[in-house]
Amino acid sequence: MTTKANSHYVEDVYEVVRSIPKGRISTYGAIADFLALGSARMVGWALRQSSVMDGPIPAHRVVNRLGHLSGRLHFPDPKYMQRALEKEGVKVKNDTVVDFDKHFWHPAENIL
DNA sequence: CCTATGACGCCGG
DNA sequence: GCCGGCGCCATAG
């Protein structure tokens with residue numbers, strides 16, 4: 001493994017993202033804060049790598065703090081993310097999640 | 001080795 | 001309330 005580095009946290013990110021219940025969404029900041037990464041950028045970076053993976057990573061459930069589909073362009077299709085969310089009951093308008101606060105899910109809830 | 005950039009977010013003016 | 005800058009860690013050039 002040439003890429004040992006600290007890519008370990010990526011594993012945790014995937015775990016958290018996979019823990020997001022269907023119909024719910026989370027944010028980069030919440031995940032970063034929960035994992036104490038210190039930077040929401042790391043979450044985005046990790047998820048970008050996940051796009052390459054064929055694993056069941058529901059990355060479409062992760063949006064920025066504004067509820068905006070900032071990563072929609074990284075999916076196979078620009079509308080893939082919106083479609084996936086609407087398919088799960090999450091309304092999306094103008095590349096933005098409707099009732100963002102309502103569907104928001106915090107990793108800590110998994111413990112609760 | 002150093003600089004620039006990124007699926008972000010907070011703080012200050 | 002809007003605009004600009006800084007931090008944060010990793011990768012690419």
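Source: prediction; values computed, not measured. Lettering follows sequence order; numbering is per chain, from 1.
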Mind calculating the distance between CG (A/Leu37) and P (C/dC8) to the nearest angstrom? 13 Å

A/Arg61/A/Glu88 salt bridge by N-O under 4.0 Å criterion: yes

A/Tyr9 side chain near A/Leu37 side chain, heavy-atom distance below 4.5 Å: yes

Over how many whole Å does the gap from A/Met42 atom CE to C/dC8 atom P extend? 12 Å

With under 30° as parallel and over 60° as perpendicular, where do the rings of A/Phe34 and A/His106 fit, or are they tilted in between? perpendicular

To the nearest Å, how far apart are A/Arg65 CZ and C/dC8 P? 19 Å

Between B/dA7 and C/dC2, how far apart are the C1' atoms? Round to whole Å, please. 25 Å

Rounded distance in Å - CG (A/Asp12) to C1' (C/dA10): 16 Å

Would you compute the distance between atom OG1 of A/Thr96 and atom NZ of A/Lys91 and round it to the nearest 0.5 angstrom? 15.0 Å

Options B/dA7, B/dG9, C/dA10, nucleotide nearest the side-chain atoms of A/Ala59: B/dA7

From B/dG9, B/dA7, C/dA10, pick the nucleotide closest to the side chain of A/His74? B/dA7

Could you give the NE2-to-P distance, from A/His68 to B/dA7, as a whole number of Å? 13 Å

Answer whether the closest heavy-atom distance between the side chains of A/Leu69 and A/Val97 falls below 4.5 Å. yes

Please measure how far the C1' atom in B/dT5 lies from the corresponding atom in C/dC6, and state the result in whole Å. 15 Å

Whole angstrom value for the distance that separates P of B/dG9 from CD1 of A/Ile31: 10 Å

For C/dT11 and A/Arg48 - does any side-chain N or O of the residue sit under 4.0 Å from the phosphate oxygens OP1/OP2? no

Taking B/dG9, B/dA7, C/dC8 as options, the one with an atom nearest any side-chain atom of A/Ser39 is C/dC8

Could you tell me how far apart A/Leu66 (CG) and B/dG9 (P) are, to the nearest whole angstrom? 7 Å

Distance, rounded to the nearest Å, where A/Phe104 contributes CZ and B/dG9 contributes P: 10 Å

